[in-house]
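Step one of this worksheet: look at the structure below.
As a basis for the values below, the full set of heavy atoms in this structure was taken, side chains included, without hydrogen atoms, waters or symmetry mates. We number each residue from 1, following the sequence as shown. This one's a predicted model, so the numbers in the text were calculated from it and none came from an experiment.
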Amino acid sequence: MCNMTFEETGGDTSSERMESVAKALEEVLSSALPQGCITVGVYEAAKSLNADPDNVVLCLLATDDEEDVALQIHFTLIQAFCCENDINILRVSNMRRLSEILGGGKPGGEPMDLHCVLVTSPQSSPWKDPALSKVNRFCRDSRCLDQWVPVINLPDR
């Protein structure tokens, strides 16, 4: 159901809303990381989605590598799976900032594959996070505007 006012759909309020959602996304990632609720990498994400799709609360896909045809095929399959399983999806730009939020890299200095990042629910209890609710509401509202995979730019800090 789409109940959006004119102010929510355009104008200066839209850029403020995007900033607010980007900040909420940072909060979600920052709180999910220490709980072990982040899956990083296209292959790891596909395995996690296959094993337990009901546990995934959000899927993030990179916007940085548009020319890589194989990666775009993976993205298409992941997006279809997420849509089929009612998992919200966001495209994220500013991969450098995403890397900073998620701790930089793997042990040994190897960079993380940030092309796909999943946020999962903690095993102990369902996630009741206001920041996650804001991100989910943004995804739902975007679908009402026929933006099935909205793009969020994480601002530099």
Would you say [X]'s side chain and [Y]'s backbone share a donor-acceptor pair under 3.5 angstrom?
X      : Y      : answer
Thr76  : Gln72  : yes
Asp113 : His115 : yes
Ser142 : Phe138 : yes

Lys/Arg N to Asp/Glu carboxylate O, Arg97 vs Glu100, below 4.0 Å | yes
State which residue, out of Arg143, Arg140, Arg137, fulfils the side chain to side chain donor-acceptor pair (under 3.5 Å) condition with Asn88.
-> Arg143
Atom [atom1] of [X] and atom [atom2] of [Y]: how far apart are they, to the nearest 0.5 Å?
X     : Y      : atom1 : atom2 : result
Ile89 : Cys82  : CD1   : SG    : 4.5 Å
Leu61 : Gln79  : CG    : CD    : 5.5 Å
Gln35 : Ser30  : CD    : OG    : 11.5 Å
Cys37 : Leu58  : SG    : CG    : 12.0 Å
Ser31 : Leu132 : OG    : CG    : 8.0 Å

If Ile, Leu, Val, Met, Phe, Trp and Tyr residues are connected whenever their side-chain heavy atoms lie under 4.5 Å apart, and connections chain through other members, are Tyr43 and Ile73 in the same group?
-> no
Answer whether the closest heavy-atom distance between the side chains of [X] and [Y] falls below 4.5 Å.
X      : Y      : value
Leu25  : Leu60  : yes
Arg17  : Asp141 : yes
Leu49  : Thr39  : no
Leu90  : Pro150 : yes
Val119 : Ile38  : yes

Could you pull out the closest heavy-atom pair between [X] and [Y], with the gap in Å?
X     : Y      : value
Cys59 : Cys116 : SG-SG, 4.1 Å
Asn94 : Pro155 : ND2-C, 4.0 Å
Leu33 : Gly103 : CD2-N, 4.5 Å
Ala62 : Phe75  : O-CE2, 3.2 Å
Glu26 : Ile101 : CG-CD1, 3.4 Å
Ile87 : Val57  : CG2-C, 4.5 Å

Does atom CD of Glu19 have more than 12 heavy-atom neighbours, drawn from other residues, nucleotides or ligands, at distances under 6.0 Å?
-> no
Give the C-alpha distance, both sets of side-chain angles, the deciding distance and a yes or no for side chain to side chain contact (heavy atoms under 4.5 Å, CB included) between Arg96 and Asp156.
-> CA-CA 9 Å; Arg96 188 179 53 72; Asp156 287 318; 2.6 Å; yes
